[in-house]
J.: 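First, the structure itself, so that you have it in front of you.
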Amino acid sequence: MRAVIDFLLHDWLKVSELTARERFGDHSPETFGQVLDTCERIARDKFAPFNRLVDTQEPHYDGDKVILPQATKDAWDAYAASGMLSAAQDYAIGGMQLPYTVESAANAFFAKASVSIGAGMLSVGNANLLMAHGTALQQRVFAFNEFSGRFSGTMCLSEPQAGSSLSDVATRAVPDGADFESDPLGPRYRLRGNKMWISAGEHELTENIIHLVLAKIPGPDGQTLAGVKGISLFIVPKKLVDDQGHLTGERNDVSLAGLNHKCGWRGTTNTLLNFGEGRFPVRAGQGGGGLDGRGAGAIGYLVGAPGEGLRCMFHMMNEARIGVGMAAAMLGMAGYEASLAYARQRPQGRPTGAGGKDASRPQVRIIEHADIKRMLLAQKSYSEGALALALYSARLVDEQHTGQAKAADEARLLLEVLTPIVKSFPSEWCLEANSLAIQIHGGYGYTRDFPVEQYWRDNRLNMIHEGTHGIQAMDLLGRKVLMEGGQGLKLLAARMQATASRVSPEWADEARQLLDALQQVGAATQAAWKDAEPAQALANAVPYLQAFGHTVIAWIWLDVAQSAQGDAPAQVGRRAAARYFFRYELPKISAWLQVVSRRDPTCAEVPEDAF
Ligand SMILES: Cc1cc2nc3c(=O)[nH]c(=O)nc-3n(C[C@H](O)[C@H](O)[C@H](O)COP(=O)(O)OP(=O)(O)OC[C@H]3O[C@@H](n4cnc5c(N)ncnc54)[C@H](O)[C@@H]3O)c2cc1C
């Protein structure tokens, strides 16, 4: 895998060119290599050996604390000590000013070694949000301590009754006393409500847990605004801190209602949290004294302006979704490598010659069967294609942050359109890759004696969290391809055309096929929206997402293939995966787009009682 990452970073994306930029001026290919070496080593030593252990020894609650295996704590400490939590931050606050592209690539090792131990992504996302929207003191007290690994972070959006539809969150925040606005940590509120599915919501890995919580502030009439406009964002620490970041010794009113027992990804705790139910009354009699005067109500500090909560949260979405796409791609890669190793040593069956099979000959290894090679190429094309797209998108994030104004704006717009694909393509197709990895193992793949079933279970989450597949599809067709006059789609099309126009002669057919696919996607986008109500246009949004994703990955492979020169086996393999994608995968888009273009009503109109 290291060779794959090095090839994509250097030969394809030319990441070293970033060192010409002021922010990255101290870096070089060597420093990038050192970061990758360190992460590869920690992932190999502290994460990979414990991937099965954290699956079998699920987190459990002893009534007081959530217990995790010691290996999880050791892995967290090693990760924090590596400096990766603050890798992208300024030198001034202890960071490395590492490009996000390299940070993403380095984190990929952890996702592959043990996706569910690797919980740094949430803390970094939480702290980055505060760096963008928090006050200087909120940054110093909360974000800096997350970057050092002393505290960890969560994202508390979902509620039992509000998952995809965040406008329906019911958690409430009311001002905490008459002096609520004068708290140095930010306007102080009392929160009450339930948050469901909160990853890393309770554990003993760090001194404190910093929850970022979406809640609504009622107006003077006691009512909250309907819709997302009413949603605000709060920092709710598990343990209260002073303005120096020291623990005050007070427990905030946040309690664990229970752990969720998951299909996979079991190394990370997943929690139902009760905010402000009065289990840990806090600061009774001060100011407002809480919702009921007895200290009930979790203390939270407002981030940004009231009503801006979802906008602040969405600030982090691009990177969070690239992180999900990367995790899914790495699980795909892990299954690919495991099934490749298995296929190379498993003898089974004989070739069929002109006279049939010759039972007197020894069996062949299954990698010699065309169908096994098909399943290996499919996995390779999905996983390496997804990894390449995730790194390309990470490179766009660097462009957005450090490029010239026009290039930065183009990167922003391209990211808008690509983000649903970066999240959804790996989630769907690298899950399929894991299914093929099980298939290659035959019956053995269906047992817990081999790792591939766990990869599939771990990967199954990715189509669900960070916006379900259906929600990504509606975001793409309903918003992203239309926004700013369709400019993002046009930019993406121009990039695809540029690749198609510079291919070497042996890729001319694929270039034509890509342009044809692009034309089909464009036509379907128009047809879906022509004189249509949104409900009609969006009824087949998922097939649209699938076709769009396949077109994007075909483009990525065509572009990658141009850098894959020579007869070295790895280059031959890349070209084979690219050809596989064009011949076996891309033709699928016509079927997907047909139902989009004619706004097929089969699903939308089937009456409920016909099921
Ligand atoms: C393991 C795990 C970890 C998680 N971690 C976190 C976390 O740390 N923080 C956090 O806040 N949340 C977290 N989540 C929650 C996750 O984001 C939600 O599960 C997800 O957003 C879906 O919400 P839901 O489960 O309520 O499903 P629902 O929203 O009820 O969706 C059910 C189905 O209906 C579909 N659907 C919903 N609305 C529409 C619509 N308008 N049109 C068409 N189809 C629709 C969905 O696509 C889905 O297929 C986690 C979830 C899991 C399982």
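In listed order, ligands and their atoms are each counted from 1. Reckoned from all heavy atoms, side chains included, excluding hydrogens, waters and symmetry mates.
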J.: What is the closest protein heavy atom to atom 13 (C) of ligand 1, and at what distance does it sit?
T.: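 Here the closest protein heavy atom is Trp197 O, 3.3 Å.
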J.: Decide ring pair (Phe, Tyr, Trp, His ring centres under 6.0 Å) for Phe425 and His550; before the verdict, give the C-alpha distance in whole Å, the side-chain angles of both, and the deciding distance to 0.1 Å.
T.: CA-CA 8 Å; Phe425 180 90; His550 264 54; 5.6 Å; yes
J.: Could Glu453 and Arg52 be called an ion pair, given the rule that one side-chain N must be under 4.0 Å from one carboxylate O?
T.: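 Here Glu453 pairs with Arg52 in a salt bridge, since their nearest N and O are under 4.0 Å apart.
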J.: Whether Arg188 engages the ring of Tyr301 as a cation-pi pair (distance to the six-membered ring centre under 6.0 angstrom, angle to the ring normal within 45°) should be assessed.
T.: no
J.: May I ask whether Ile198 has any heavy atom positioned less than 4.0 angstrom from an atom of ligand 1?
T.: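 Yes, that is the case, since the closest heavy atom of the residue is under 4.0 Å from the ligand.
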J.: Tell me which one of Gly125, Gly264, Gly163 gets a heavy atom nearest to atom 24 (P) of ligand 1.
T.: Gly163
J.: Within the structure, does at least one protein heavy atom fall under 4.0 Å of atom 49 (O) of ligand 1?
T.: no
J.: What is the distance from atom CG of Asn274 to atom NZ of Lys195, rounded to the nearest 0.5 Å?
T.: 12.0 Å
J.: Side chains of Gln89 and Asn128: any donor to acceptor distance under 3.5 Å?
T.: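 Looking only at side-chain atoms, Gln89 and Asn128 do form a donor-acceptor pair, the distance falling under 3.5 Å.
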J.: Would a 4.0 Å cut-off, counted as strictly less than, catch a protein heavy atom around atom 22 (C) of ligand 1?
T.: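 Yes; the ligand atom in question has protein heavy-atom contact below 4.0 Å.
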J.: Using heavy-atom distances, let me know which of Gly153, Ser158, Ser116, Ala320 sits nearest atom 10 (C) of ligand 1.
T.: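 Selected option, by shortest heavy-atom distance: Ser158.
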J.: Quick check: Ser165 and ligand 1, any N/O pair under 3.5 Å apart?
T.: no
J.: With nothing but distance in play, are any N or O atoms of Met155 less than 3.5 Å from an N or O of ligand 1?
T.: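 By distance alone, the answer is yes.
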J.: Which class fits the ring pair Tyr79 and Phe110: parallel under 30°, tilted 30 to 60°, perpendicular over 60°?
T.: perpendicular
J.: For ligand 1, find out whether one of its N or O atoms is nearer than 3.5 Å to an N or O atom of His465.
T.: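 His465 vs ligand 1: no N/O contact under 3.5 Å.
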J.: Any side-chain donor-acceptor pair under 3.5 Å between Glu146 and Ser152?
T.: no
J.: Step through the shown structure and confirm whether more than 12 heavy atoms of other residues, nucleotides or ligands are within 6.0 Å of OH on Tyr446.
T.: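 It does not: Tyr446 OH has 12 such atoms or fewer within range.
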J.: Tell me the protein heavy atom at minimum distance from atom 39 (C) of ligand 1, and give that distance in Å.
T.: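 Going atom by atom, the protein heavy atom closest to atom 39 (C) of ligand 1 ends up being Ile471 CD1, 4.2 Å.
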J.: Any idea which protein heavy atom is nearest atom 37 (C) of ligand 1, and the distance to it?
T.: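 For this ligand atom, the closest protein heavy atom is Ser164 OG, 3.6 Å.
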J.: Taking the six-membered ring for Trp and the single ring otherwise, decide whether the centroids of Trp265 and His465 are under 6.0 Å apart.
T.: yes
J.: Which of the numbered atoms in ligand 1 are under 4.0 angstrom from any heavy atom belonging to Asn270?
T.: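 Reading through ligand 1 atom by atom, the close ones are 1 (C), 2 (C), 3 (C), 4 (C), 5 (N).
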J.: May I ask you to identify the nearest protein heavy atom to atom 8 (O) of ligand 1, giving residue, atom name and distance to one decimal place in Å?
T.: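 It is Ser199 N, 3.0 Å.
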J.: Going by the order shown, which atoms of ligand 1 are within less than 4.0 Å of some heavy atom of Lys262?
T.: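 Listed by number with element, the hits are 1 (C).
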J.: List the steps and the verdict of side chain to side chain contact (heavy atoms under 4.5 Å, CB included) for Leu256 and Val66.
T.: CA-CA 9 Å; Leu256 178 71; Val66 171; 3.6 Å; yes
J.: Strictly under 6.0 Å, is that where the ring centroids of His211 and Phe275 end up?
T.: yes
J.: Leu157 versus ligand 1: do any nitrogen or oxygen atoms come within less than 3.5 Å of each other?
T.: yes
J.: So, for atom 43 (C) of ligand 1, does the protein have a heavy atom nearer than 4.0 Å?
T.: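 Given the 4.0 Å limit, the answer for atom 43 (C) of ligand 1 is yes, a protein heavy atom qualifies.
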J.: Look at atom 34 (O) of ligand 1 and say whether a protein heavy atom is found at less than 4.0 angstrom from it.
T.: no
J.: Protein heavy-atom contact under 4.0 Å for atom 30 (O) of ligand 1?
T.: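 It does not; no protein heavy atom is within 4.0 Å.
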J.: Nearest 0.5 Å, what's the SG-CD1 distance between Cys156 and Ile210?
T.: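 So the gap between those two atoms works out to 11.0 Å.
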J.: Examine Thr468 against ligand 1 and note whether any of their N/O atoms are separated by less than 3.5 Å.
T.: yes
J.: In terms of atom number and element, which parts of ligand 1 are under 4.0 angstrom from non-hydrogen atoms of Leu461?
T.: 1 (C), 2 (C), 52 (C), 53 (C)
J.: Just to check, does Met474 reach to within less than 4.0 Å of ligand 1 when the distance is taken from its heavy atoms?
T.: yes
J.: Can you tell me which residue and heavy atom of the protein come closest to atom 20 (C) of ligand 1, and the distance to 0.1 Å?
T.: Ile464 O, 3.6 Å
J.: Among Leu157, Val236, Leu130, find the residue that satisfies the side-chain contact (heavy atoms from CB on, under 4.5 Å) test when tested with Leu212.
T.: Leu130
J.: Before we go on, tell me: are the rings of Phe151 and Phe142 under 6.0 Å apart, centre to centre?
T.: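 They do not qualify: ring centres at least 6.0 Å apart.
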J.: Would you confirm whether any non-hydrogen atom of the protein falls under 4.0 Å from atom 6 (C) of ligand 1?
T.: yes
